[in-house]
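Just so it is clear, the values below take in all heavy atoms, side chains as well, and ignore hydrogens, waters and symmetry mates. Read the numbers this way: they start at 1 and go in the same order the structure lists the ligands and their atoms.
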Amino acid sequence: MPVSNSHLQSLWREVLTLSKLAPHESVVVLTSQTSHPQTLEAATNAVMDLGARVMRLDVPPMRNVSGLGTDPTVIVGETALTGNRAAIEALKHSDLVIDLMFLLFSPEQLEVLKSGTRMLLAVEPPEILARIVPSMDDRRRVKAAAAKLKAAKTMRVVSDAGTDFECSLGEYPLLEEYGFVDEPGRWDHWPSGFLATWPNERTAHGTVVIDRGDMILPFKSYVQAPIRLTIRDGYVIGIEGGADADFLRQYMDMFHDPEGFAISHLGWGLQPKAKWAALGMYDKAQSLGMDGRAFYGNFLFSTGPNTEAGGTRNTPCHLDIPMRHCSLSLDGEPMTVKGDVIPADQRA
Ligand SMILES: [Fe+2]
């Protein structure tokens, strides 16, 4: 459903207020060819409503045409800002960047964050932004889950479909996404509502069965027949199943990069406003699939890079795979059971 300009602007004021935007601060709205014009206008006006200074930085799309499809996550690691020192310096000298382009997983993003600039990514269409407006309650539940994940030494995930996967934890930091940026150097994504970390190197092990109805992003479709992944020493070494498995295998092979088969971030969804069914309601070019990544109780499995965690695995092949009906435990304590969130302080 369409969202009015005034409503979207008021939501931006809400999210920027949660992000502690102060009148003395300066904001850069980063855009490129695919940035949503209504979001650009609403975000820019909301910054001015709050008395802060704002400028727009528009860069042409990157020249890399090796990826298939239109989703910005198809190729990660290289962005339209790669090598553009003037643009990077402008972002570093601002207090807050509103990213309507998609800088995620890039060395440029890490450099900007290290300068203390906070960055908020928002590329979903206005109606998804309006449906999944972040709140302090989202933050509270993600923080409660993060306390558990930070202290954990092991993660185990099982499902009736055949998943039996485990890994050790502690080598990498946490990714806590609750939808706003309330601390210096913080990055977040509106909409979101989940958390993750990366397995210790070469410890991920077992079987992950991507079941019917689970989704693979950026393919943006529901899997029709189970795909069985065999995982040894931190890497996917086997992909078995029907046509969905063939599609997945060919896509990953296309990058000719063994690091694309590494296990990447692992976590669970905590956002009741995000819906499993949403992916079926949009054209593929319309949405990034954040409903899928964040929906309440999903196990978010992923493959590929760890640069976002400060690692050196800068592979362009990244898959997010939100799975239903999984049971995830940390050091034996259940966080989810068959797709439902268990700890009282994480429940919606
Ligand atoms: Fe991801």
* **Polar contact flag, side-chain donor to acceptor under 3.5 angstrom, D58-T31** => yes
Show the atom names and distances, to 0.1 Å, of all donor-acceptor pairs under 3.5 Å that link a side chain in residues 266-283 to residues at least two apart or in another chain.
from: W268; atom 1: NE1; to: Q346; atom 2: OE1; distance (Å): 2.9
from: Q271; atom 1: OE1; to: K273; atom 2: N; distance (Å): 3.2
from: Q271; atom 1: NE2; to: D138; atom 2: OD2; distance (Å): 3.1
from: Q271; atom 1: NE2; to: S192; atom 2: O; distance (Å): 3.0
from: K273; atom 1: NZ; to: V133; atom 2: O; distance (Å): 2.6
from: K273; atom 1: NZ; to: D138; atom 2: OD2; distance (Å): 3.2
from: K275; atom 1: NZ; to: P272; atom 2: O; distance (Å): 2.9
from: W276; atom 1: NE1; to: G213; atom 2: O; distance (Å): 2.9
from: Y282; atom 1: OH; to: E127; atom 2: OE2; distance (Å): 3.3

* To do: Give a yes or no on whether a salt bridge exists between D253 and R249, defined as a side-chain N under 4.0 angstrom from a carboxylate O.
  => no
* Side-chain H-bond candidate by donor/acceptor type, N5 with H7, under 3.5 Å -> no
* Neighbouring protein N, O or S atoms of the Fe ion (ligand 1), below 2.8 Å -> 4
* Within a radius of less than 6.0 Å around NZ of K338, do more than 12 heavy atoms belonging to other residues, nucleotides or ligands occur? -> no
* To do: Just say parallel, tilted or perpendicular for the rings of F165 and F299, cut-offs at 30° and 60°.
  => tilted
